[in-house]
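Protein chains get the first letters and strands the later ones, always in sequence-line order, with residue 1 at the start of each.
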Amino acid sequence: MAWAKPILKEIEG
Amino acid sequence: MIAPNAVPYLPRGVRLHRDHVRDRWVLLAPERTISLDMIGHAIITELDGSSGFAQIVDRLAAKYDAPAVQIAGDVQQFLGQLAERRFLEVRA
């Protein structure tokens, strides 16, 4: 897998 | 800004968890959850509580065969976002 900018997502209820 | 020798780590109460239902990795904290992509997961698994930021970047650069300067910038930003949300602490 190639490097890519990491993404995080906050999950809500 | 995380210094090269500073050690980023997951604080007590925060843990990496595999969400099998949605087929994704998440970081769990009390009453809060963050979902991670595969690169985010790769970064988190490098946080062993003893490695400095520069060591972590070097290992990721070797693993992904990518420029360390690019990885350092991306990891710095990613860990900064986690620290803002109190999913990460840094020991100087």
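Under the 4.5 Å side-chain heavy-atom criterion for grouping Ile, Leu, Val, Met, Phe, Trp and Tyr, A:I7 is not connected to B:L16 through any hydrophobic cluster. B:L47 and B:I2 fall within the same hydrophobic cluster, defined by Ile, Leu, Val, Met, Phe, Trp and Tyr side-chain heavy atoms under 4.5 Å apart, directly or through other members. Note on B:F87: it clusters hydrophobically with B:L10, by side-chain heavy-atom contacts below 4.5 Å among ILVMFWY residues. By the criterion of side-chain heavy atoms lying less than 4.5 angstrom apart, applied directly or through intervening Ile, Leu, Val, Met, Phe, Trp or Tyr residues, B:F78 is grouped together with B:Y64 in one hydrophobic cluster.
Going from atom CG of A:L8 over to atom NE2 of B:H41 covers 14.5 Å, rounded to the nearest 0.5 Å. B:Q81 contributes atom CD, which lies 14.5 Å from atom NZ of A:K9 (distance to the nearest 0.5 angstrom).
Heavy-atom distances place both the backbone and the side chain of B:I71 under 4.5 Å from chain A.
The shortest non-hydrogen separation linking A:A4 to B:I39 is O-CG2, 3.3 Å. Listed here is the closest heavy atom pair of A:W3 and B:A66: CB-CB, 3.9 Å.
The backbone N or O of A:P6 lies less than 3.5 Å from no partner atom in the side chain of B:D37, so there is not a single donor-acceptor pair.
Annotation: maximal heavy-atom pairing with chain A below 4.5 Å, among B:V26, B:D74, B:V75, occurs at B:D74. The most heavy-atom pairs under 4.5 Å with chain A, out of B:L27, B:L82, B:I34, come from B:I34.
Dense packing is recorded around CG of B:D19, with more than 12 heavy atoms of other residues, nucleotides or ligands lying under 6.0 Å away. Sparse packing is recorded around CG of B:D65, with 12 or fewer heavy atoms of other residues, nucleotides or ligands lying under 6.0 Å away.
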